[in-house]
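First the structure, in the form of structure tokens, and then the observations on it.
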There are 4 protein chains.
Amino acid sequence: MGVARSGEAATGREPGARSGRRDQLLEIAAGLFATQGYAETTMRDIADATGILAGSIYHHFSSKEAMLDELLRGFLVDLHERFAAAERENTDPQETLSTLIRISFSCISESPHAVAVYQNESATLQRQEAFAYVGDYGVRIERIWLRVLTAGQEAGVVRSGLDVKVAYLFMRDAIWSAVRWYRPGGQLSLETVADQYRDLLYGGLF
Amino acid sequence: MGVARSGEAATGREPGARSGRRDQLLEIAAGLFATQGYAETTMRDIADATGILAGSIYHHFSSKEAMLDELLRGFLVDLHERFAAAERENTDPQETLSTLIRISFSCISESPHAVAVYQNESATLQRQEAFAYVGDYGVRIERIWLRVLTAGQEAGVVRSGLDVKVAYLFMRDAIWSAVRWYRPGGQLSLETVADQYRDLLYGGLF
Amino acid sequence: MGVARSGEAATGREPGARSGRRDQLLEIAAGLFATQGYAETTMRDIADATGILAGSIYHHFSSKEAMLDELLRGFLVDLHERFAAAERENTDPQETLSTLIRISFSCISESPHAVAVYQNESATLQRQEAFAYVGDYGVRIERIWLRVLTAGQEAGVVRSGLDVKVAYLFMRDAIWSAVRWYRPGGQLSLETVADQYRDLLYGGLF
Amino acid sequence: MGVARSGEAATGREPGARSGRRDQLLEIAAGLFATQGYAETTMRDIADATGILAGSIYHHFSSKEAMLDELLRGFLVDLHERFAAAERENTDPQETLSTLIRISFSCISESPHAVAVYQNESATLQRQEAFAYVGDYGVRIERIWLRVLTAGQEAGVVRSGLDVKVAYLFMRDAIWSAVRWYRPGGQLSLETVADQYRDLLYGGLF
DNA sequence: AATGAATGAGCATTCATTCAT
DNA sequence: TATGAATGAATGCTCATTCAT
């Protein structure tokens, strides 16, 4: 978009804009993958939306799968890191849980496309060897949540009758599914949704 | 459909198995659509799994789309009817809500494939004219839940601070998403899950 | 045409109605071949129009090609016989020519479907070994016309400057093409058309 | 179309050959459509004859129908324009008629494939919405001929007893059908045929 | 005679990918 | 970097034909 090609100061690209086309392609692809589905999105769709020809994408990405991989891996690495940091830096289970929920909604807000793609495609993807890491990260993230929930139960702040695994799945699905209907700029602000969700979860959990 | 041909008793076909191939095909297709995705499932996949040739499917269904249509329409008509009946026959909002939740889990138990397909494909499908009814039924079902939640709020049993629309989406997503991970015959019985979900929702709602 | 198969008497079928379904099928097929084209007409089209299932046609005809064959062969045998008789029974070239033209229009009137099929498909068909006879009859018929035209030229009634081959093709195409636009029961009666054509041809020929 | 790429002179491409493959494909397709029929010609036939794979055709044409459309539209637009110009630029009816006939034979000589396809497929095509223009051009062309014939009748050079519509159909069919048997380089030159046809028509008309 | 299920070959079309320019 | 022509495998679908009932 508006890439000044002629010479661009002899590749003296300003930091932050980095490899323009590459980022642009990945962003556009993410949007299409999220709304149409990965399989339903063709390289031509991506190319058309970017204003180049399909074959030219291969100068930036080795395959369509590589685009999906980069998108998901970036998202999962970041998400896991943020969750892990939250667990590391907090001691109070209830506080930690609040942070995990807040991080989740931040992600929906910041990378809705990646979240949607993860929601829609991860089940199918995990069966492919190349995307086994998607399942791995899912497990690692689940373990964090389970540890926090268990700690909460031991601290007596989370209901003792609860199966923490069920509670985790319940929370995970409720929260992440919001990406499917949440439209930024719509009637509801993400904060409002996040607050209501927290109340609903807390009322049920504690 | 369900034509009882003379001699059916003679061939010892149990009632319910009815028009063999057609039902078999739809069931197999449903399973594949649910696990691989509609677009990712080829007519050959379905045919192979059934033990016939791809072209032969067209003796029973006019197109791949027709199979999806029959699957979704049957599911939605039935689901809507059960929800509508629950609203019609109950007066107490909390009781009604319990029934709606119970029906939802029944559906997940009885037609997991249809539920999964609906979960995974409805967003994409609604943009197609031929599947506009998918969105229509979604709206009708939402209205039922919203009426029940509002009635609950007016009766003072549902928290007054709650945005019923947000609460509905929260419940809907949490419940229906269970189809993605629930495996019949696994560690958790559906009843256990349903009970825990009801408790989590009630704790949050009331 | 009108082949009396053994057993016809046994079934007590009134003469003239003969083997009902078979004739009916061939007639319906002829109509469809004529209007949609042979390749574009499916066995299902024919079956639907007849009120039976496609597979059932094979109780009457061994193949789709067999239907076309029977249609064309019957037409060509009959046409050739009539032309040959006209040549045999007439002595005056101009009289004979008139008869040939009259026979042609009779055919268009009596078997418009067969004429149309012959017009539309003969070129493609002649390349197939099984339909080589179509070309053969074409040649035989052409020879009759050429003999009559040559006799007319020798008798001094047909213009001497004329290349009889060109004249024949001119006449043949003009006359038979009428089947493409002539609609019985329309504004023009076949007689009117035939008269005008004869005048146009005579004016040009003599 | 006709994009003069830099280096075209360098590659020594003669002007008129222009965008090689596309033109080549359309020409080859035209030949196959004309001799085998449109429906009977497969994309593989065209691709094989061109020396590429069937799928590659779609790089140049969006569909098989698009090829037919381009062929017919180009032919009809050109033919109509030439007929219209002839009517516009001539005052004497007999002279105009001569020109129309001459133009027709020119077309047969220059674009025999397009003429043949039009002859063979137009009847079937007109029923399809996308090819309605084929019928429209047919009507427009007919109107030109009818106006000229009528003017000739009023000027007293065309026989008064003639139904001009019948005369037109007679002429049209006789002339255009020649494409079916005329082979350039055969015994008869097109000029010879055209001359004989003109004489035959004039003898009949005037 | 007719049905209806099935076959197997073929068709137009799509699409990720490659590569010379 | 980008183009555009080409590939080759796959996809949904059609259709003449067969055959047990």
Side-chain angles (χ1 to χ4, degrees), chain A residues 3 5 8 11 19-22 39-47 50-67, chain B residues 5 7 11 19-22 25 39-47 50-67, chain C residues 11 19-22 25 39-47 50-67, chain D residues 3 5-7 11 19-22 25 39-47 50-67:
Chain A
V3 176
R5 284 191 283 144
E8 199 175 310
T11 67
S19 55
R21 258 293 140 76
R22 200 168 193 285
E40 289 80 9
T41 302
T42 71
M43 292 300 259
R44 245 200 103 187
D45 288 339
I46 303 171
T50 312
I52 61 174
L53 287 184
S56 306
I57 299 179
Y58 292 83
H59 280 286
H60 305 279
F61 296 92
S62 63
S63 69
K64 186 181 161 188
E65 204 177 89
M67 302 186 88
Chain B
R5 289 190 277 142
T11 59
S19 58
R21 259 296 138 75
R22 199 168 193 282
L25 277 166
E40 290 79 9
T41 302
T42 71
M43 292 302 259
R44 274 178 179 80
D45 289 339
I46 302 171
T50 313
I52 60 173
L53 289 182
S56 305
I57 298 179
Y58 293 84
H59 207 48
H60 305 279
F61 296 92
S62 62
S63 68
K64 187 182 161 189
E65 203 177 274
M67 302 187 88
Chain C
T11 58
S19 56
R21 259 294 138 76
R22 197 165 194 286
L25 277 166
E40 290 79 8
T41 301
T42 71
M43 292 301 259
R44 248 200 100 188
D45 288 339
I46 302 171
T50 314
I52 61 174
L53 289 182
S56 305
I57 298 179
Y58 292 83
H59 280 287
H60 304 280
F61 295 92
S62 62
S63 68
K64 186 180 161 189
E65 206 177 90
M67 301 186 87
Chain D
V3 176
R5 292 189 275 142
S6 68
T11 58
S19 58
R21 260 295 138 78
R22 197 168 194 284
L25 276 167
E40 289 79 9
T41 301
T42 72
M43 291 302 258
R44 255 198 94 190
D45 289 340
I46 302 171
T50 313
I52 61 175
L53 288 183
S56 305
I57 299 179
Y58 292 84
H59 207 50
H60 304 279
F61 296 92
S62 62
S63 67
K64 187 180 159 188
E65 203 178 276
M67 301 186 88

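Just so it is clear: chains get the letters A, B, ... in the order the sequence lines come, proteins before strands, and each one is counted from 1. Computed over heavy atoms, backbone and side chain alike; hydrogens, waters and symmetry mates excluded.
- One finds a side-chain N or O of B:H60 lying less than 4.0 angstrom from the OP1 or OP2 phosphate oxygen of E:dA6.
- Pair assignment for E:dA1 gives none, since no Watson-Crick or G-U wobble pairing has each distance under 3.5 Å.
- Using a 4.0 Å heavy-atom cutoff across all strands shown, A:T41 reaches sugar-phosphate atoms only and no base atom.
- For D:A54 and C:M43, each mapped to the nucleotide of DNA chain F holding its nearest heavy atom, the one lying further toward the 5' end belongs to D:A54.
- With rounding to the nearest 0.5 Å, the separation of OG1 in D:T41 from NZ in D:K64 is 6.5 Å.
- Following rounding to the nearest Å, B:E40 (CD) and E:dA16 (P) show an atom-to-atom distance of 12 Å.
- B:S56 comes within 4.0 angstrom of a nucleotide base, judged by non-hydrogen atoms across all strands.
- Residue D:L53 contributes atom CG, which lies 16 Å from atom P of E:dT18 at whole-angstrom precision.
- A:I57 CD1 to A:R44 CZ: the interatomic distance, rounded to the nearest 0.5 Å, is 11.0 Å.
- Taking atom CD of A:E65 as the reference point, atom C1' of E:dC15 lies 15 Å away to the nearest angstrom.
- Judged by distance alone, the side chain of B:T50 and the main-chain N or O of B:I52 form no donor-acceptor pair under 3.5 Å.
- With distances taken from any side-chain atom of A:T42 to the nucleotides E:dT17, E:dC15, F:dA6, the minimum falls on E:dC15.
- Where D:I57 and B:R44 each meet DNA chain F at their nearest nucleotide, the meeting point lying more 5' is that of D:I57.
- Map B:G55 and D:G55 each onto its nearest nucleotide of DNA chain E; the residue landing nearer the 5' end is B:G55.
- Base pairing of F:dA9 is made with E:dT14, judged by Watson-Crick or G-U wobble geometry with both donor-acceptor distances under 3.5 Å.
- At whole-Å resolution of the value, CZ in B:R22 and P in E:dA5 are 10 Å apart.
- Rounded to the nearest 0.5 Å, atoms CE (D:M43) and CG (D:L53) are 12.5 Å apart.
- In this structure, E:dT21 and F:dA2 make a Watson-Crick or G-U wobble pair, each of the two defining distances being under 3.5 angstrom.
- The nearest whole Å value for the distance from the CZ atom in A:F61 to the C1' atom in F:dA2 is 16 Å.
- One interatomic measurement links the two molecules: OH of A:Y58 to C1' of F:dT3, which rounds to 15 Å at whole-angstrom precision.
- Closest to the D:H59 side chain, of the nucleotides F:dC13, E:dT13, F:dA6, is F:dA6.
- Contacts of C:I52 with the nucleic acid, taken as non-hydrogen atoms under 4.0 Å apart, involve only primed sugar atoms and P, OP1 or OP2.
- Rounded to whole Å, atom P of F:dC13 lies 8 Å from atom NZ of B:K64.
- Crowding of A:R22 atom CZ: a count of heavy atoms from other residues, nucleotides or ligands under 6.0 Å exceeding 12.
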